[in-house]
S.K.: 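Handing you a structure now.
Computed from heavy atoms alone, side chains included, the values below leave out hydrogens, waters and symmetry copies.
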Amino acid sequence: EVRQITDPRHRRLLPQHNPTPPRRRHHHPIVRDREPRRNTRRVMAVSKKLTSDPIYVLLRHDAWANRRLLEICLALNDGELDRDFGIGPGSIRATLLHIVTRYYFWTDTIGERRTRPRLVKLGASASIPDLLTALGPATDDLRAVAGMAVKDGLEANIRPSWSAAPLLTKGAALVHVCTHAMHHRAQLLIMLRRLGRSDVLAAADNIGTAEWQSEAEAGTLKAPKLPR
């Protein structure tokens with residue numbers, strides 16, 4: 001038998017049962033009516049299919065970035081183009097010439113055909129318009145050879161024609177062509193900075209892969225104003 005102890009003196013000996021009252025939910029009118037979160041990121045509709053194959057992304061971005069730098073350098077005079085900065089090939093003109101003419105060498109090497117002379121009618125004092133004229137056919141030729149290499153197999157081995165040249169696959173050679181030019185574009189940006197031409201440097205600042213695809217393919221990025 002359980003007896004109920006009502007004597008106040010004994011209440012402290014009894015287990016105290018104080019159930020926690022249920023917490024009241026405070027329904028703020030704004031919180032209560034809030035809709036579930038949704039992904040608010042906008043996906044822009046693009047009319048053309050964007051390049052996704054890494055080989056062709058490298059090739060197309062490389063050609064675009066080199067052309068953009070050449071167009072920017074149209075604003076430089078001969079003194080600025082031929083100033084020796086002690087970096088890479090030395091001057092802006094020599095670096096741009098090196099970038100363009102190396103296309104011929106690697107295109108012939110990957111295509112397994114006789115290597116053309118490096119300068120191919122371009123002298124050491126080639127003008128920027130001359131280099132722009134030569135760039136288009138050179139990059140188109142490389143892209144065509146790359147297409148054949150992809151079809152036949154990028155695992156095929158090739159060896160460049162210089163002495164003690166390394167053995168590499170056609171896939172590695174295609175990557176090398178693009179990263180080689182990227183290396184020299186970085187040198188060009190340093191040269192342009194040292195010239196102190198803020199207008200030229202501002203136009204050359206964003207020539208990465210994201211800028212190429214957004215501007216040249218998707219059309220979602222406006223091209224910068226080129227200096228004069």
S.K.: Side chains of Thr51 and Glu217: any donor to acceptor distance under 3.5 Å?
M.R.: yes
S.K.: Short question: side chain of Glu215, backbone of Trp212 - any donor-acceptor pair under 3.5 Å?
M.R.: no
S.K.: Would you say Thr209 and Leu58 make side-chain contact, with heavy atoms under 4.5 Å?
M.R.: no
S.K.: Output, in order, the C-alpha distance, side-chain angles, deciding distance and verdict of side chain to side chain contact (heavy atoms under 4.5 Å, CB included) for Asn66 and Leu96.
M.R.: CA-CA 8 Å; Asn66 292 332; Leu96 290 169; over 6 Å; no
S.K.: Let's go through Val200 and Leu195 carefully: what are the C-alpha distance in whole Å and the side-chain angles of both, what is the deciding distance for side chain to side chain contact (heavy atoms under 4.5 Å, CB included) to 0.1 Å, and is it a yes or a no?
M.R.: CA-CA 9 Å; Val200 174; Leu195 274 181; over 6 Å; no
S.K.: Any side-chain to backbone donor/acceptor pair from Gln213 onto Ala210? Under 3.5 Å, distance only.
M.R.: no
S.K.: Around Arg193, counting heavy atoms of other residues, nucleotides and ligands shown, do more than 12 lie under 6.0 Å from its CZ?
M.R.: no
S.K.: Verify the distance criterion only: is there a donor paired with an acceptor across the side chains of Ser127 and Asp130 at less than 3.5 Å?
M.R.: yes
S.K.: Taking all atoms of both residues into account, what is the closest heavy-atom pair of Gly90 and Thr95, and its distance?
M.R.: N-OG1, 4.4 Å
S.K.: About how many Å separate OG1 of Thr179 and CZ of Arg185, when rounded to the nearest 0.5 Å?
M.R.: 9.5 Å
S.K.: Could you tell me whether the side chain of Lys170 and the main chain of Ile110 form a donor-acceptor pair under 3.5 Å?
M.R.: yes
S.K.: Looking at every heavy atom in both Ala204 and Leu189, which two are closest together, and how far apart are they?
M.R.: O-CD2, 3.5 Å
S.K.: Answer whether the closest heavy-atom distance between the side chains of Met191 and Ser91 falls below 4.5 Å.
M.R.: no
S.K.: Check the hydrophobic clustering (I, L, V, M, F, W, Y; side-chain heavy atoms under 4.5 Å; chains of links allowed) and say if Leu221 and Ile207 are grouped together.
M.R.: no
S.K.: If the plane angle is over 60° it's perpendicular, under 30° parallel, otherwise tilted; pick one for His61 and Trp64.
M.R.: tilted
S.K.: Same cluster for Leu135 and Met182 if Ile/Leu/Val/Met/Phe/Trp/Tyr side chains link at under 4.5 Å?
M.R.: no
S.K.: Which atom pair, heavy atoms only, marks the closest approach of Leu97 to Ala126?
M.R.: CD1-CB, 4.4 Å
S.K.: How close do Ala75 and Arg197 get, counting heavy atoms only, and between which atoms?
M.R.: O-NH1, 3.7 Å
S.K.: Could you tell me whether the side chain of Asn206 reaches within less than 4.5 Å of the side chain of Pro224, counting heavy atoms only?
M.R.: no
S.K.: Enter the distance from Glu80:CD to Leu192:CG here, rounded to the nearest 0.5 Å.
M.R.: 9.5 Å
S.K.: Between Asp140 and Tyr103, does any side-chain donor sit less than 3.5 Å from a side-chain acceptor?
M.R.: no
S.K.: For Arg114, does the CZ atom have more than 12 heavy-atom neighbours from other residues, nucleotides or ligands under 6.0 Å away?
M.R.: no
S.K.: So, the side chain of Thr139 versus the backbone of Gly136: is there a donor-acceptor pair under 3.5 Å, distance only?
M.R.: yes
S.K.: I want to know whether His183 and His176 have ring centres closer than 6.0 Å.
M.R.: no
S.K.: Can you give me the closest heavy-atom contact between Val57 and Ser52, atom names plus distance?
M.R.: CG2-C, 4.1 Å
S.K.: State, with a plain yes or no, whether a side-chain heavy atom of Leu168 is found less than 4.5 Å away from one of Asn157.
M.R.: no
S.K.: To the nearest 0.5 Å, how far apart are CG in Leu131 and CD in Glu71?
M.R.: 12.5 Å
S.K.: Between Cys73 and Ile92, does the side chain to side chain contact (heavy atoms under 4.5 Å, CB included) criterion hold? Intermediate values first, please.
M.R.: CA-CA 9 Å; Cys73 289; Ile92 292 174; 3.9 Å; yes
S.K.: Considering only heavy atoms from C-beta outward, does the side chain of Asp62 approach that of His180 to under 4.5 Å?
M.R.: no
S.K.: Are Leu74 and Val100 in one and the same hydrophobic cluster, where Ile, Leu, Val, Met, Phe, Trp and Tyr link if side-chain heavy atoms are under 4.5 Å apart?
M.R.: yes
S.K.: Which heavy-atom pair separates Arg159 from Pro166 by the least distance, and what is that distance?
M.R.: CG-O, 3.6 Å
S.K.: How long is the straight-line distance from CG of Leu188 back to CG of Leu201, given to the nearest 0.5 Å?
M.R.: 11.5 Å
S.K.: Between Asp108 and Val145, is the side chain to side chain contact (heavy atoms under 4.5 Å, CB included) condition met? List the steps.
M.R.: CA-CA 8 Å; Asp108 293 339; Val145 167; over 6 Å; no
S.K.: Enter the distance from Leu70:CG to Leu132:CG here, rounded to the nearest 0.5 Å.
M.R.: 4.5 Å
S.K.: Examine the side chains of Asp141 and Tyr104 and answer whether a donor and an acceptor come within less than 3.5 Å of each other.
M.R.: no
S.K.: Pairs of donor and acceptor atoms involving the side chains of residues 81-88, under 3.5 Å and at least two apart or interchain, shall be tabulated with distances.
M.R.:
from	atom 1	to	atom 2	distance (Å)
Asp82	OD1	Arg93	NE	2.7
Asp82	OD2	Arg93	NH2	3.1
Asp84	OD1	Gly86	N	2.9

